[in-house]
Amino acid sequence: MSDVQWKNPVVKWVDERLPVFSLMHHSTVGYPTPKNLNYWWNFGSLALTCLIIMIVTGIFLAMSYTPHASMAFDSVERIMRDVNYGWLLRYLHANGASMFFIVVYIHMFRNMYYGSYRAPREMLWFLGLAIYLAMMATGFLGYVLPWGQMSFWGATVITNLFSAIPLVGDDVVTWLWGGFSVDNPTLNRFFSLHYLLPFVIFALVALHLWALHVVKSNNPAGVEIKSEEDTIPFHPYYTIKDLYGIAIFMIIYLAFVFWAPNFLGHPDNYIEANPMVTPPHIVPEWYYLPFYAILRAFTADAIIYIPFGWFFITPKLAGVIAMFGAIIVLFFLPWLDTSKVLSAKYRPVFKQFFWIFVINVLILGYCGAKSPTDTLFGIKLEIVSQVATFYYFAHLMVLTPLIGWMEKTREVPNSIAAAVTKPTKTEEA
Amino acid sequence: MADTASTAVDDNGTEESRRDFLLLATSAVGAVGTAAAIWPFVDSMNPSADVLALASTEIDLSPIEEGQSITVMWRGKPVFVRNRTADEISKAQAEDSAAMVDPQKDGERIKEGKDNWLVLVGVCTHLGCIPLGQKATDPKGEYGGWYCPCHGSHYDTSGRIRKGPAPTNLPVPPYEFTSDTTVKIG
Ligand code: HEM
Ligand code: FES
């Protein structure tokens, strides 16, 4: 790390004792990046932007927020009405959570499309999934804080999932609540953890970036960097491209904040929590909907439930296992994908199945938002959820390895440079 | 470890096994100590003394007429107290031997001689919503008791689960009659 000669004596003095400037240099100007990255590679820096916005707005919200069952709702209303720019802080925070999830979902699908989870990037993929899990927990905890009806009943339904654990389930739920129902002790601890987890995420992001800098970025061609010809320095080329992406992102994000701040929220959350009345239709935040659909798909008469029945697993527990399993299987994806080729660009069959998978996840999301008795194309959603749940797992656990073995892939370019230069030029150039 | 120690030790291995023992014993004590240190943190999240102290509620039954229900709060949860009609009682008893998810006789769910009083924790055993059926205008489900709108669980006039995803009957909280017209829950 000492190959940079710092001219400024103060910088030099510091750098010799703690090489922060060298580190910064190495991860920007000195960091070689594939020269063929497309706009799907903007979503990593967008995710970091979201995290920073969430932490900053969150810290300022916490200055005016009261984590007490009898005061939380009013304190949020006070933030909205009386605190200077409180409405802005809260709308930035509430919509920021949604934007964060959109960005991260696109980032994850990008990785699946270009095979970025494959060797040597497995560790990056695991850390990404860990970040995603921590985000889901953080979003859930945060949504409870305004103490509206959806906060309260969402917290009740989700914590009750743990009662499905055999033998100790009920004790675990009481422990999570700190009482016999969701109440003030629950709100207090949720606030404590909601404050903590974003910093855990921050640390995970640091590890994620460290791992990235070890193995370097994947790219649309899915071939590794072989020579200097394949790369350009991160700074200024990608810093400027990332900034451009951030500008576009901010336009969309702020359009929600200023013109449709409650579009992604639920009106019932403007009614204060009432432990004696359940809202007629409980829906989680949109970013959990596919998993909520998987959870509900396991009813006693569902075909997908049958194998669970053999092991005396109740439908409720089966749903919980499948819901967590839906994320756990993603950890195995680096090995479930058996193809020699990384990028879907050269995988004509996988490419189509990839898009079917994306649509399938969207259908699951739709099922999660509606009541199981509603219909889609005339089919009862209960059935649609069961089929879509089955397909979700089938795609990852059966189709992905099979396609990898059987598919006839297109010819992969020899190098990144070859992928972006005209085919008339020789590839050794 | 053996490398550094072996210089001064004879080769019959006693020194080594003594060290192994010490290492094992230290690790064991360390592990127990760590667990003991973690426990207070974990247990601090369990219900505290003041939460436990609020754990009983008295109810006056005299204003509840036949066929009426009231909802009271106990441990932050709704408790359903229903003065059942003769019809509901006979229906609950007649169905005692019907096929059920969580088979239980009506007699096990009430106090002897108080057939009309049904006391239930009004929290759906599926995922914790509050079933409808307390108000006269509420839907009562296919078995005439309670109906949970969240995912469609039907409970009968004894609060037993008869249809839908809920795994168990609505629980009967611990309670006793302190006089003919008052019960103490908890
Ligand atoms: C990973 C980053 C974060 C995510 C995904 C997140 C998510 C959320 C969500 C979804 C809400 C509910 C918004 C609403 O409907 O009103 C919320 C509320 C809240 N969050 Fe966060 N949050 C994050 C970071 C933070 C941080 C670092 C703090 C700092 C203490 C914080 C403090 C708060 C407070 C005080 C509230 C309650 C006020 C309100 O409801 O607007 N959050 N958060
Ligand atoms: S919570 Fe009552 S049916 Fe699901």
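Naming: A, B, ... by sequence-line order, numbering from 1 per chain. Model, not experiment: these values are computed from the prediction.
- Of the two parts of A:I158, neither the backbone nor the side chain holds a non-hydrogen atom closer than 4.5 Å to a non-hydrogen atom of chain B.
- Neither the backbone nor the side chain of A:T299 comes within contact range of chain B; no heavy atoms are under 4.5 Å apart.
- Counting heavy-atom pairs closer than 4.5 Å to chain B, the top-ranked of the candidates A:S181, A:P275, A:P315, A:A164 is A:S181.
- When heavy atoms are compared at a cutoff of 4.5 Å, B:V121 does not approach chain A at all.
- Formation of a donor-acceptor pair under 3.5 Å by the A:Y288 side chain with backbone atoms of A:F140 is found in this model.
- Top candidate by heavy-atom pairs under 4.5 Å with chain B, chosen from A:H281, A:R296, A:R189, is A:R189.
- At a 4.5 Å heavy-atom cutoff, the contact between B:V42 and chain A is made by backbone and side-chain atoms alike.
- Only the backbone of A:V277 comes within contact range of chain B, with at least one heavy atom under 4.5 Å from a heavy atom of that chain.
- Between B:D106 and B:K91, no side-chain nitrogen of the basic residue sits less than 4.0 Å from a carboxylate oxygen of the acidic one, so the salt-bridge criterion is not met.
- Interface remark: A:T156 contributes backbone and side-chain atoms alike to the contact with chain B (heavy atom separation under 4.5 Å).
- Within the 3.5 Å criterion, the main-chain N or O of A:M150 finds a donor-acceptor partner in the side chain of A:N269.
- Under a 4.0 Å N-O distance rule, the pair B:E88/B:R82 qualifies as a salt bridge.
- Under 3.5 Å, the side chains of B:S48 and B:D50 contain a donor-acceptor pair of N or O atoms.
- Contact of B:P165 with chain A is not made at all, since no heavy-atom distance falls under 4.5 Å.
- Just one of B:R109, B:R162, B:K163 meets the salt bridge (Lys or Arg N to Asp or Glu O under 4.0 Å) condition when paired with B:D156; it is B:R162.
- For chain B, the nearby parts of A:W175 are the backbone and the side chain; heavy atoms of each come within less than 4.5 Å.
- Proximity of a side-chain donor or acceptor of A:T278 to a complementary backbone N or O of B:I130 within less than 3.5 Å is detected.
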